[in-house]
Chemist: 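Here it is, the structure in full.
Residue numbers start from 1 in every chain, and the chains themselves are labelled A, B, ... in the order their sequence lines are given, proteins ahead of strands.
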Amino acid sequence: MKAATDFISFLAASFSRHRCFSSSPPSALSSSLPWISPLRLSKAALPKPDPPPEATTASVERKRKYISHESAINLIKRERDPQHALEIFNMVEEQNGFNHNCATYATILDKLARSKKFQAVDAVLLQMTYETCKFHEGIFLNLMKHFSKCSMHERVLEMFCTIQTVVREKPSLKAISTCLNLLVESKQIDLTQKFLLHLRKRLKFKPNTCIFNILVKHHCKNKDLELALQVVNEMKSSRISYPNLITYSTLMGGLCESGRLKEAIELFEEMVSKDQVLPDALTYNVLINGFCHAGKLDRARKILVFMRNNGCNPTIFNYSTLMNGFCKESRLLEAMEVFDEMKSFGLKPDTVSYTTLINCFCRAGKIDEATKLLEEMKERECRADTVTFNVLLGGLCREGRFEEALGMLEKLPRDGVYLNKASYRIVLNFLCQKGELSKAMELLFLMLGRRFLPHSLLQMSCWFALARLDWQLMQLQRCLDWWIWGLSQNLNHGFICWN
DNA sequence: TTAGGGTTAG
């Protein structure tokens, strides 16, 4: 870290005589200012800096500290503040003979996108169009993922279209499948159709099995099994994109989800006997899940035996799926048996397996047993996550053990456990349902102190008014005033999380 | 991390 600070001071000092392109002076490395991209368009488009001074000790020192591309990348990666990272990016370019390349652009874009500084991302992308160096499409695939994560789906498509203009090559099959999969995964039906139309009209390409598989998933997600089957039939008529294990597993999953279990089994048999494709643990899991959802738990359990007999060892995924099936049917004893069986075969339960069983106990009202399992997780160095604690919080509340739930909410973040908005929502909903209004108030203060705003604020105020709890109503009003004041001061904007 | 599986809440 010290090296990075020295480097910034050194560049800031050497920069003071040059034109400044930043929104703030380079010496004032503050992130509190509003974000304005400090990028310039291109070296050529701008006036040349002052001529270099005569060789002095300082300039010799500068030469000695020449920053290579590799060092620049490391400095940008290590820098936490995206604005500082961008300043480093700009500053290194001022060194004589230094031109950014694909790797430095990829690094700064990743840093900015991770920090959601999308205006700055746009400025960097604009600068790239003036560069002569060769870019790789990987930069755009990475940006597509960031945009998708932030639900900026139009921009995913836009990044795909940018590949051809900036990379000056047709997007690869990998780029097509990445874009298509991101749109399908985020259930962007219209954009997916738009993209498919674009592919058909503009890019004459032959889809491979991977792309067809994403299409099968797309139709399964839309519950349009007939279209999914049509795609698989089309695949069968092609040599280069014949259905594989993933195709069959996806389609079987779609059929199971639509309650067409019989067809899913027929497909499984066709896959094994006709196409001689061997199922793996993942394929079996689709069937186990299907049987569980159809309430056929004993058949689901028999699949584990079938797997072993056919040379496929069940995984913790298979066991957790089955345990969850038993849990949903309130068959706690069998869920515990499955858990023990998993351990007896030498499998180490993970966080999800433990959480599944803890949920079984909580649903059965056996909170103390659930807490014991939490202890066992600690002993076995299996880290409980937010979901584990949310399951426990729900269990405690269902049993009316509100003090313990509130205690957990208060204490866990202090012990370094991350809680999310669901954690607070679970407890607050129970408190409101059970009319525990003073405890709800207590939780509300805790939440506001942690910058979580409950979704049920209005609902709470109605309850308080109906119960003639004037003091609580007044407190609630004060909370709202405080929050609105925070907004007007721009203090909490962007930090408050609606629960 | 170019395509398929298990846990909470809503």
Chemist: Under 4.0 Å, heavy atoms only, any strand: does A:A281 hit a base, just the sugar-phosphate, or nothing?
Modeler: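 If one applies the 4.0 Å heavy-atom cut-off, A:A281 turns out to touch a base.
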Chemist: If you check the A:R425 side chain, which of B:dG5, B:dT8, B:dG10 turns out closest?
Modeler: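 Closest nucleotide to the A:R425 side chain: B:dG10.
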Chemist: Indicate whether any N or O donor in one side chain lies under 3.5 Å from an N or O acceptor in the other, for A:T321 and A:N318.
Modeler: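 Their side chains do not contain a donor-acceptor pair, so the 3.5 Å distance test is not met.
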Chemist: Is A:S172 touching bases, backbone alone, or none of the nucleic acid, heavy atoms closer than 4.0 Å?
Modeler: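 No contact at all - A:S172 keeps every heavy atom at 4.0 Å or more from the nucleic acid.
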Chemist: Below 3.5 Å, does any donor atom in the side chain of A:N285 face an acceptor in the base of B:dG4, or the other way round?
Modeler: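 No pair found.
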Chemist: Write down the distance between CZ (A:F317) and C1' (B:dG6), rounded to a whole number of angstrom.
Modeler: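 The answer, rounded to whole Å, is 6 Å.
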Chemist: If I take atom CG in residue A:L396 and atom P in nucleotide B:dT8, what distance separates them, rounded to the nearest angstrom?
Modeler: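 Atom CG in A:L396 sits about 17 Å away from atom P in B:dT8.
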Chemist: State, to 0.1 Å, how close A:S423 and A:T386 come at their nearest heavy-atom pair, and which atoms those are.
Modeler: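 Minimum heavy-atom separation between A:S423 and A:T386: OG-CG2, 4.0 Å.
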Chemist: Give the rounded distance in Å between these two atoms: CZ of A:R114 and C1' of B:dT1.
Modeler: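 The answer, rounded to whole Å, is 11 Å.
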Chemist: Select one nucleotide: of B:dG6, B:dA9, B:dG5, the one nearest the side-chain heavy atoms of A:R398.
Modeler: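 Closest of the options to the side chain of A:R398: B:dA9.
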Chemist: Side chains of A:Y242 and A:D275: do they bring a donor and an acceptor to under 3.5 Å?
Modeler: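 The criterion, which ignores hydrogens and geometry beyond distance, is satisfied for A:D275 and A:Y242.
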Chemist: Looking at every strand, decide which applies to A:N244 at a 4.0 Å heavy-atom threshold: base, sugar-phosphate, or nothing.
Modeler: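 Since a base atom lies under 4.0 Å of A:N244, the category is base.
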Chemist: Rounded to whole angstroms, how far apart are CE on A:M252 and P on B:dG5?
Modeler: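 Spelled out: CE on A:M252 to P on B:dG5 is 12 Å.
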Chemist: Hey, does the side-chain of A:D350 have a donor or acceptor N/O within less than 3.5 Å of a partner on the base of B:dG6?
Modeler: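 Per atom types, the contact qualifies.
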Chemist: Has the side chain of A:S320 got a donor or acceptor that lies under 3.5 Å from a partner of the other kind on the base of B:dG6?
Modeler: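 Yes, a donor-acceptor pair under 3.5 Å.
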Chemist: Rounded to the nearest Å, what distance is computed from the CD atom of residue A:E185 to the C1' atom of nucleotide B:dA3?
Modeler: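 Taking atom C1' of B:dA3 as the reference, CD of A:E185 is at 10 Å.
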Chemist: Categorize A:L392 for me: base, sugar-phosphate, or nothing, with a 4.0 angstrom heavy-atom threshold over every strand shown.
Modeler: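 Nothing: the residue A:L392, judged by heavy atoms under 4.0 Å, touches no strand.
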Chemist: Run the salt bridge (Lys or Arg N to Asp or Glu O under 4.0 Å) test on A:E375 and A:R380 for me, step by step, so that the C-alpha distance in whole Å, both residues' side-chain angles and the decisive distance to 0.1 Å come before the verdict.
Modeler: CA-CA 9 Å; A:E375 288 299 317; A:R380 299 192 173 207; over 6 Å; no
Chemist: Any chance the side chains of A:N420 and A:N390 put a donor and an acceptor closer than 3.5 Å?
Modeler: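 Yes.
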Chemist: What is the distance from CE of A:M307 to C1' of B:dG6, rounded to the nearest Å?
Modeler: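 Result: 13 Å.
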Chemist: Hey, does A:E137 reach any base, or is it just sugar-phosphate, or nothing, if we go heavy atoms under 4.0 Å?
Modeler: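 Nothing, no nucleic acid heavy atom in range.
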Chemist: Have a look at A:T247 and say if it touches a base, only the backbone sugar-phosphate, or nothing, with a 4.0 Å heavy-atom cut-off.
Modeler: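 No contact at all - A:T247 keeps every heavy atom at 4.0 Å or more from the nucleic acid.
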Chemist: Do the side chain of A:T283 and the base of B:dG4 come within less than 3.5 angstrom through a donor-acceptor pair of N or O atoms?
Modeler: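 Present.
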Chemist: Would you please confirm or rule out a distance under 4.0 Å between OP1 or OP2 of B:dG4 and any side-chain N or O of A:K217?
Modeler: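 Checking B:dG4 against A:K217, a side-chain N or O does come within under 4.0 Å of OP1 or OP2.
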Chemist: With sequence neighbours left out, what residues match A:H100 under ring-ring contact (aromatic ring centres under 6.0 Å, His included)?
Modeler: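 Expected list: A:F89, A:F98, A:Y105.
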Chemist: What's the CG-C1' distance between A:L419 and B:dT8, to the nearest Å?
Modeler: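 These atoms are roughly 13 Å apart.
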Chemist: Reckon A:S177 touches a base, only the sugar-phosphate, or nothing at all at heavy-atom distances under 4.0 Å?
Modeler: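 Base, at least one base heavy atom under 4.0 Å.
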Chemist: Quote, to the nearest angstrom, the P distance that separates B:dT7 from B:dT2.
Modeler: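 Comparing P positions in B:dT7 and B:dT2 gives a spacing of 25 Å.
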Chemist: Once you apply a heavy-atom cut-off of 4.0 Å, does A:T315 come out as touching a base, just sugar-phosphate, or nothing?
Modeler: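 The residue A:T315 makes base contact.
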Chemist: Is there a donor N/O on one and an acceptor N/O on the other, under 3.5 Å, for the side chain of A:S249 and the base of B:dG4?
Modeler: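 Yes, the side chain and the base share a sub-3.5 Å donor-acceptor pair.
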Chemist: May I ask you to verify if any side-chain N or O of A:N324 is less than 4.0 angstrom from the OP1 or OP2 atom of B:dT7?
Modeler: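 The answer is yes; a side-chain N or O of A:N324 sits under 4.0 Å from OP1 or OP2.
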Chemist: Just to confirm, is there a sub-4.0 Å distance from OP1 or OP2 of B:dA3 to any side-chain nitrogen or oxygen of A:N181?
Modeler: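 Checking A:N181 against B:dA3: at least one side-chain N or O falls below 4.0 Å of OP1 or OP2.
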Chemist: Establish, from distance only, whether the side-chain atoms of A:D110 and A:T107 form a donor-acceptor pair under 3.5 Å.
Modeler: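 The criterion, which ignores hydrogens and geometry beyond distance, is not satisfied for A:T107 and A:D110.
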Chemist: Looking only at atom P, what distance separates B:dT1 and B:dG6, rounded to whole Å?
Modeler: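 My reading of the P atoms in B:dT1 and B:dG6 gives 15 Å.
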